[in-house]
Amino acid sequence: MTTAPGTQPSTAPSTGSAPSTSAVPGAARVPDKVSLDGLEERWDGAWAEQGTYAFDRTATRDQVFSIDTPPPTVSGSLHVGHVFSYTHTDVVARFWRMRGREVFYPMGWDDNGLPTERRVQNYYGVRCDPSLPYVPAFTPPHEGGEGKSVKAADQVPISRRNFVELCERLTVEDERQFEALWRRLGLSVDWSHNYQTIGEPARAVAQKAFLRNLARGEAYQAEAPGLWDVTFQTAVAQAELEARDYPGHFHRVAFHSTADGTPIHIETTRPELIPAVVALIAHPDDERYQHLFGTTVRSPLFGVEVPVLAHPAAEPDKGAGIAMCCTFGDLTDVQWWRELQLPTRSVIQRDGRLARETPEWIETATGRGYYAELAGKTTFSARQAVVDALRDTGDLDGEPTATQRMANFFEKGDKPLEIVTSRQWYIRNGGRAEGRGEGLREELLARGQELEFHPDFMRVRYENWVGGLNGDWLISRQRFFGVSIPLWYPVDADGAVDHEHPIVPDEALLPVDPSSDVPAGYTAEQRGVPGGFVGEADVMDTWATSSLTPQIAGGWETDPDLFERVFPMDVRPQGQDIIRTWLFSTVVRSHLEHGSLPWKHAAISGWILDPDRKKMSKSKGNVVTPMGLLEEHGSDAVRYWAASARLGTDAAFEVGQMKIGRRLAIKVLNASKFALTFGGDGELDAPIDPATVTVALDRAMLAGLADVVDKATAALEAYDHTRALELTETFFWTFCDDYLELVKDRAYGSGDETPSAQTQSARTALRLALDTLLRLLAPVLPFATEEVWSWWRTGSVHRAPWPASAPLVEAAGASGDPIEPVDPAMLGAAGRALAALRKVKSEAKVSMRTVITRAELVVPAGQLALVEAALDDVRAAGRAATLTLVGADDAEVAQARGAELEPPQQV
RNA sequence: GGGCGAUUGGCUCAGUGGUAGAGCGCCUCGUUCACACCGAGGAGGUCACUGGUUCGAACCCAGUAUCGCCCA
């Protein structure tokens, strides 16, 4: 990786203003008093003004580092988890920017979907009716009905296009607040590349990608059983499922052999589905049912004849070991129905009630009589009726027994999902073996191998998910605020809709809304009439749009020049919870459209846990808002907390860690102030001449720092930002507590006009180290480091090159009288020697300023030479007049013996 | 039921074969000479458990327990 020339502004913007070392107004020289307060506002403003994070689109792909951030849902609220994971991303972004990459770091808002839809209904007092035409310049009946919901009856029905316009209007305010938070946090986003998933460009991309899928046969419609939420009246995809415990009862019910009437008992939690039974199924190895395979039985009440079949998905130890297969009670039924090619006998409708008409497969008069009592009932009432009838006929064996079963729910719903058969659109994702399904699944698994997950073990979540898919991706949603499926269907002369021959818009016209736009070759009057057309009423699943964020942000097809500079992207940062949804669906779309991965790396952040080790949630009553957090502790402090947690590892919400971060940030300001004031302002602008570092201790410190640079760089390259931070932080504290203390007397100098070589060595080493440390800390503490940078350097530290070890190594060896390759352990040895002197004073309970008149300093023999070389500094820092240095083979740590302390000064 | 991860001082966590580490908290002390949003010193752990491999195990292997998550 080489630094791209020309991307690194090495001088301040040419404003030519007076205090020329500073790029920013308000900052000048080293202030007498330093503070973190107000840094966020000041520097956010300066960065925006100077375009510090602006993406230079002349950079070529190999010079670019591109980031595909999942856009947060704006209708929800930001929580500390967002702050946590987005900070991880920003650390990565800042690191690569300093490495000389041109960082493409756009931000989007995910405003497409159900949460926004609900807010708009209440806020404006409207509801969407896609059958209505668009009304230009529509004025909503209410404005700001936040909090209380407008009753459905009072909501004004409006066209989808009007509805979408209101969604866009409302989300603007949310987005302003989100942007303010991200700015305060210091995300180095290029805000000129902002997008919305419901915005026109995003809709156009989503529709175009769909049409391409359609043209290649990857998108198809099917009349098929699918999961259906009766509350929201919409189809639901496998990815939106949530299995929950649900109470129910096992009912032991008798079927009867058609040969001799022998009862065969099954156990079911859903007796109301008996009219939909199509077979009884047991495990092929189950000895109890061998004699029944191939025979038929009659259902109780309804008298429908069904076969007894064998299938390995039947669980012998569950219930009676033989199950009734209905169309459809659960996903296993769907599997049996498909694999055993059973007939479809659906009775559950989209509204969750049983069909009003008696099905034709119930032929007996008594059966039809029983059904008539169920018609139109909810599943709950129908179950009661069936159980009562079974009890009457004696086909209920014993009383129902309570049980807990796992049922599938829509993640936002509170009623178990039903499975209904309907016409829906799908995109192939390897979930079905038919067509090229099996091959596609393997291709997608191979993509999972190709993608570099951080941490690596997160890959198994992807693999488990892809391996466990049991159907293609259902993208139809019977909702309004989403991207329309861009199709119309011809209506024949009899008024029947011909779904088999959809009318496709020209790509140049996208985005279209089929509920208000008219397909080419038709007039608006032909909508819904024989010989005319109808628009597809459904919208796409939100993932069908958000799976295309690399394409939306990168300007796919609309800005091919940009797209080829950023795609495939370098990294997708995200939470572990959305590997199966967002990550997977994005891989699918990219694989199908581009034949590539959407990104090279996936950086997976963990959860934030509350003190009870539970996932943080609003219901926990945690009232800490992200903005409040930043205001209370400061952004650098909160970032430090976030950056202290490794990728993929859950982290505790810990205010203590933020306080440590704040302490570090303040220390950066104070130590910098101190290190920069030895030479007075006059030396601030002077170039750093490494050749003036001649004292062994100074050289050893720089050698140690060189090592830190190498290791921190390697860690960040490997997405291990915590390791980099830990190394840097540890060194920084040693630098402050030991090195600064050891050299401060020498760095002050005698006060002569011309500093001695020893004094100059310390001053140069301090500036060199500070310059390096500020760069190393900049990704985590962007505000404090930028503040210090502005005192004495030009431009922004965030555009300064990432430090390299070579110049430090060179400075460490730059003595005109190279006694050695200098040993970086010298700083530690001298530090421990100083600690021994401090310990004497601490145990004597006297001030650290107390003079030690005489002492014997015993150090491990192996460190004797190291301490010897730094002895003058040790003596000065320890206020020791006379020190006798002794090496001891058995000594493990430095120790001061026989110390004599100066009597305390009277006051 | 399958899979993944975790288990190290009171707390939060580093540490992948060679004498147990950090920060916070705690105890003692100091201090307005960069820093009280401070400094120095100190106490505190049989690295969840049981076996195994090894000269040597927090670390590798097998199993157990507990917790969290994902999938059935």
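In what follows, every heavy atom counts, from backbone to side chain, and hydrogens, waters and symmetry copies are set aside. Quick note on labels: first sequence line is chain A, next is B, and so on, each numbered from 1.
- Side chain A:Glu741 to base B:A34: a donor-acceptor pair is found below 3.5 Å.
- Following rounding to the nearest Å, A:Lys659 (NZ) and B:C37 (P) show an atom-to-atom distance of 12 Å.
- Among the protein residues, A:Arg663 comes within range of the sugar-phosphate backbone only, with heavy atoms under 4.0 Å from sugar or phosphate atoms but none that close to a base.
- Put simply, CG on A:Leu609 is 10 Å from P on B:U12, counting in whole angstrom units.
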Between protein and nucleotides 14-17 of chain B, what N or O pairs are separated by less than 3.5 Å?
unit_1: B:A14; atom_1: OP1; unit_2: A:Arg646; atom_2: NE; d: 2.8
unit_1: B:A14; atom_1: OP1; unit_2: A:Arg646; atom_2: NH2; d: 2.4
unit_1: B:A14; atom_1: O2'; unit_2: A:Glu726; atom_2: OE1; d: 3.0
unit_1: B:A14; atom_1: O2'; unit_2: A:Glu726; atom_2: OE2; d: 3.2

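- Look at CD1 on A:Ile608: it is 15 Å from C1' on B:C69, rounded to the nearest Å.
- A salt bridge links A:Arg838 with A:Asp738; the closest basic N to acidic carboxylate O contact falls under 4.0 Å.
- The residue A:Lys673 sits close only to the backbone: its heavy atoms come under 4.0 Å of sugar-phosphate atoms, none of a base.
- Salt-bridge formation is detected for the pair A:Asp698/A:Arg746: a Lys NZ or Arg NE/NH1/NH2 atom is positioned less than 4.0 Å from an Asp or Glu carboxylate oxygen.
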Give me, pair by pair, the N or O atoms of the protein and of nucleotides 40-44 of chain B that are less than 3.5 Å apart, along with how far apart they are.
unit_1: B:A40; atom_1: OP1; unit_2: A:Asp737; atom_2: OD2; d: 3.4
unit_1: B:G41; atom_1: O4'; unit_2: A:Ser842; atom_2: OG; d: 3.4
unit_1: B:G42; atom_1: OP1; unit_2: A:Lys839; atom_2: NZ; d: 3.2

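- A:Phe84 and A:Trp641 have their aromatic ring centers within a separation under 6.0 angstrom.
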**Prompt:** Under the side chain to side chain donor-acceptor pair (under 3.5 Å) criterion, do A:Thr722 and A:Glu726 qualify, and how do the steps go?
**Reply:** CA-CA 6 Å; A:Thr722 56; A:Glu726 189 192 352; over 6 Å; no
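- Both distances falling under 3.5 Å, in either a Watson-Crick or a G-U wobble arrangement, place B:C29 opposite B:G39.
- As a whole-Å value, the separation of A:Asn670 CG from B:C33 P is 13 Å.
- Nucleotide B:C11 forms a Watson-Crick or G-U wobble pair with B:G23, both donor-acceptor distances falling under 3.5 Å.
- Distances were taken from every side-chain heavy atom of A:Ala652 (C-beta onward) to each of B:G23, B:C13, B:A34; the shortest belongs to B:C13.
- What separates CD of A:Glu654 from P of B:G23 is a distance of 15 Å, to the nearest Å.
- When distances are taken from the side chain of A:Phe457 to each of B:G5, B:G30, B:A34, the shortest belongs to B:G5.
- Salt bridge annotation for A:Arg662-A:Asp37: present, with a cationic side-chain nitrogen under 4.0 angstrom from a carboxylate oxygen.
- Contacts of A:Trp733 with the nucleic acid, taken as non-hydrogen atoms under 4.0 Å apart, involve only primed sugar atoms and P, OP1 or OP2.
- For the pair A:Arg663 and A:Trp733, the distance from NZ or CZ to the six-membered ring centre is under 6.0 Å and the angle to the ring normal is within 45 degrees.
- Between the C1' atom of B:G30 and the CZ atom of A:Arg879 lies a distance of 14 Å, rounded to the nearest Å.
- Using Watson-Crick or G-U wobble geometry with both donor-acceptor distances under 3.5 Å, B:U50 finds its partner in B:A62.
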Dump every N/O contact between nucleotides 70-72 of chain B and the protein below 3.5 Å, one line per pair.
unit_1: B:C71; atom_1: OP1; unit_2: A:Arg580; atom_2: NE; d: 3.2
unit_1: B:C71; atom_1: OP1; unit_2: A:Arg580; atom_2: NH1; d: 2.3

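- Taking a 6.0 Å sphere around CG of A:Asp32, one finds it holds 12 or fewer heavy atoms contributed by other residues, nucleotides or ligands.
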